[in-house]
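A quick note: this is a predicted structure, and the numbers were derived from the prediction, not measured. Below, all heavy atoms of this structure are taken into account, side chains as well, without hydrogens, waters or symmetry copies. This chain uses plain numbering: 1 for the first residue, then up along the sequence.
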Amino acid sequence: MTVNQPASAGAVDGVADGVADAAEAVEFLRLFHREAGQPFPLADRIARVRRQISRTGTYRQTAAELTFGAKVAWRNHTRCVGKLYWRTLVVRDARHLQDPAEIGADLLDHLRLAGNGGRIEPVITVFAADEPGRPGPRLANPQLLRYAGHRRPDGTVLGDPATAALTDRARALGWDPGPPGPFDLLPLLVDVPGQPGRCVDVPRELALEVPIRHPAHPELTALGLRWYGFPTVSDMQLQLAGLTYRAAPFTGWYVGTEIGARNLADRDRYDLLPAVAAALGLDTSSERTLWKDRALVELTAAVLWSYRQAGVRMVDHHTASDQFDRYTQAERRAGRTVHADWAWIVPPLSPATTALYHQRYDDTVLLPNFVRQTRPGDGDGRPGSP
């Protein structure tokens with residue numbers, strides 16, 4: 001099913017009032033029947049689902065439907081360059097959990113499994129769906145691993161400015177990081193309707209943090225930079241077969257540019273290019289010296305080298321682009337159109353050197369998919385990507 005808006009449009013906030021969409025459910029079941037290795041009695045399943053929705057306003061997907069649907073949601077997502085591996089996604093079914101403490105403990109298990117000692121695995125954990133009059137649990141964190149943004153009296157932020165509002169909320173719930181630093185791991189903030197929000201501390205060993213060093217420039221190493229081992233997007237809802245799962249954190253591995261050319265470099269994030277340029281002794285007197293470009297390349301090179309030295313899985317942007325091209329060819333052989341948002345899959349560093357730069361894609365958003373939702377407690381409003 002097609003979402004009636006382009007990928008670049010604003011939020012899609014789920015099925016109204018938690019009532020399942022029967023048309024979406026039926027269309028998904030037909031897709032599942034076409035692609036499943038062992039087809040099931042389609043007419044019987046459709047009839048049962050329609051009866052359940054008519055009677056209760058919702059229905060429960062089977063484990064096989066959930067697993068297939070989560071994988072197809074990754075395949076359909078237009079803002080991820082890593083979709084070559086969509087079939088390998090590990091789907092964890094946590095729909096039975098409603099207690100915030102149990103949800104928090106399960107999220108730590110997710111991080112442990114996905115981190116895999118540095119051999120990052122693509123993993124999604126799906127918590128309870130919305131039901132009529134009863135929203136499902138959700139997470140305030142944009143990612144399960146994220147650094148705090150501590151507001152200073154002068155209006156500046158120590159750490160990540162993108163998480164300043166979330167940091168405020170964590171402190172209001174009792175989180176005390178001690179003396180603030182630029183790389184303080186935020187706790188998980190679990191929201192279950194009708195219950196107070198809960199903070200769950202993340203043990204640092206689960207974050208697989210990597211000190212950022214440069215093999216040829218010890219001056220850059222002296223900046224004391226670091227980043228966590230892998231991204232786990234947790235602020236997007238999974239819309240699957242007429243149901244809305246507001247908490248469905250999704251782990252993949254990093255492309256080096258996500259850290260070196262965005263998180264550490266963007267002006268509204270850590271804004272470190274001037275510090276990197278100074279450490280490298282670059283001439284910053286004029287834009288024409290291309291000091292920003294040179295700093296960006298060396299910072300990204302340092303990230304890639306550091307993750308390799310630490311044994312944490314990461315891909316460079318050239319390899320990621322080649323992998324997406326392989327995915328494109330495989331999808332076309334399967335008779336499917338490739339849906340992608342060009343601005344999101346083309347890397348921010350040396351884009352014209354990749355095959356993706358010269359391609360054009362259909363950015364229509366299909367369901368099932370991961371879509372935006374209003375994020376509680378955080379004000380950065382950035383679109384996320386698994």
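Ring-centre distance between Tyr357 and Trp342: below the 6.0 Å cut-off. Aromatic ring centroids of Tyr85 and Trp253 lie under 6.0 Å apart. Ring centroids of Tyr245 and Phe370 are separated by 6.0 Å or more, keeping the two rings apart. For an aromatic pair to be called close, the ring centres must be under 6.0 Å apart, and Phe183 with Tyr228 fails this.
Shown here are the ring-ring contact (aromatic ring centres under 6.0 Å, His included) partners of Phe230, two or more places apart in sequence or in another chain: there are none. Every residue two or more places apart in sequence or in another chain was checked for a ring-ring contact (aromatic ring centres under 6.0 Å, His included) with Trp86, and none qualifies.
Of the inter-residue distances, the one linking Leu139 atom CG with Leu144 atom CG reads 6.5 Å to the nearest 0.5 angstrom. Taking CD of Gln61 as the reference point, atom CG of Leu240 lies at 4.0 Å (rounded to 0.5 Å). For the atom pair Thr58 OG1 and Asp21 CG, the distance stands at 11.0 Å (nearest 0.5 Å). To the nearest 0.5 Å, atom OG1 of residue Thr354 and atom CG of residue Asp325 are 9.5 Å apart. Note that CD of Gln359 is 11.0 Å distant from OG of Ser321, once rounded to the nearest 0.5 Å. Atom CG of Asp109 and atom CZ of Arg92 lie 6.0 Å apart (nearest 0.5 Å).
Grouping the Ile, Leu, Val, Met, Phe, Trp and Tyr side chains by contacts below 4.5 angstrom, directly or via other members, places Leu264 with Leu280. Both Leu84 and Val91 are assigned to one and the same hydrophobic cluster, defined by single-linkage of ILVMFWY side chains at heavy-atom distances under 4.5 Å. In the hydrophobic clustering of ILVMFWY residues, with side-chain heavy atoms under 4.5 Å counting as a link, Leu29 and Leu66 come out together. Hydrophobic clustering (ILVMFWY, side-chain heavy atoms < 4.5 Å, transitive): Val90 and Tyr254 are in distinct clusters.
Two residues are said to be in side-chain contact when any heavy atoms from C-beta on lie closer than 4.5 Å; Val26 and Arg50 meet this criterion. Between Pro274 and Asp271 the shortest side-chain heavy-atom distance falls below 4.5 Å. Side-chain contact between Leu186 and Thr167 is present, with at least one heavy-atom pair separated by less than 4.5 Å. Side-chain atoms of His318 and Thr353, non-hydrogen and from C-beta on, do get closer than 4.5 Å to each other. Counting heavy atoms from C-beta on, the side chains of Leu185 and Tyr147 come closer than 4.5 Å. A heavy-atom distance below 4.5 Å is found between the side chains of Val255 and Val81. Between Leu31 and Phe68 the shortest side-chain heavy-atom distance falls below 4.5 Å. Contact of the Tyr270 side chain with the Leu225 side chain is not registered, since no non-hydrogen atoms from C-beta on lie closer than 4.5 Å.
Remark: Arg152 CZ is packed, more than 12 non-hydrogen atoms of other residues, nucleotides or ligands lying under 6.0 Å away. Enclosure of atom CZ in Arg134 is not indicated, since only 12 or fewer non-hydrogen atoms of other residues, nucleotides or ligands lie within 6.0 angstrom. Under a cut-off of 6.0 angstrom, the local environment of CZ in Arg267 is sparse, with at most 12 non-hydrogen atoms contributed by other residues, nucleotides or ligands.
Shortest non-hydrogen contact noted between Pro187 and Asp201 is CB-OD1, 3.8 Å. Between Ala94 and Thr125 the shortest heavy-atom distance is CB-CG2, 3.7 Å. Here the closest heavy-atom approach between residue His317 and residue Ser350 is recorded as NE2-CB, 4.4 Å. Closest approach of Gln52 to Arg60, counting heavy atoms only: OE1-N, 3.5 Å. Nearest heavy atom pair, residue Ala295 against residue Leu282, reads N-CD1, 3.9 Å.
Between Arg112 and Glu205 no salt bridge is recorded (no basic side-chain N to carboxylate O distance below 4.0 Å). A salt bridge links Glu65 and Arg45; the closest N-O separation between the charged side-chain nitrogens and carboxylate oxygens is under 4.0 Å.
Using modelled atom types, one finds a donor on one side chain and an acceptor on the other under 3.5 Å when comparing Asp316 with Thr319. No donor-acceptor contact under 3.5 angstrom links the side chains of Arg146 and Asn141, judged on distance only. A side-chain donor from one of Thr251 and His110 sits under 3.5 Å from a side-chain acceptor of the other. In the model, His339 has no side-chain atom that pairs as donor or acceptor with a side-chain atom of Asp363 under 3.5 Å.
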Evaluate the criterion side-chain contact (heavy atoms from CB on, under 4.5 Å) for residue pair Val192 and Ile103; output intermediate values, then yes/no. CA-CA 9 Å; Val192 175; Ile103 291 173; 3.8 Å; yes
Please walk me through it: do Arg138 and Asp191 pass salt bridge (Lys or Arg N to Asp or Glu O under 4.0 Å)? CA-CA 5 Å; Arg138 63 185 303 177; Asp191 289 317; 5.7 Å; no
Assess whether side-chain contact (heavy atoms from CB on, under 4.5 Å) is satisfied between Leu108 and Leu188, documenting all intermediate values. CA-CA 9 Å; Leu108 299 184; Leu188 305 176; 4.1 Å; yes
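Between Glu35 and the choices Arg336, Arg87, Lys71, the salt bridge (charged side-chain N to carboxylate O under 4.0 Å, His left out) rule is met once, by Arg336.
Annotation: ring pair (Phe, Tyr, Trp, His ring centres under 6.0 Å) contacts involving residues 126-145, sequence neighbours excluded, are absent. The side chain to side chain donor-acceptor pair (under 3.5 Å) pairs that include a residue from residues 93-105 are Asp93-Arg95, where partners are two or more places apart or lie in different chains. Screening residues 38-65 for ring pair (Phe, Tyr, Trp, His ring centres under 6.0 Å) gives Phe32-Phe40, His33-Phe40 as the qualifying pairs, with residues at least two apart or on separate chains. Residue pairs meeting the side chain to side chain donor-acceptor pair (under 3.5 Å) criterion with at least one partner in residues 294-311, sequence neighbours excluded, are His214-Glu298.
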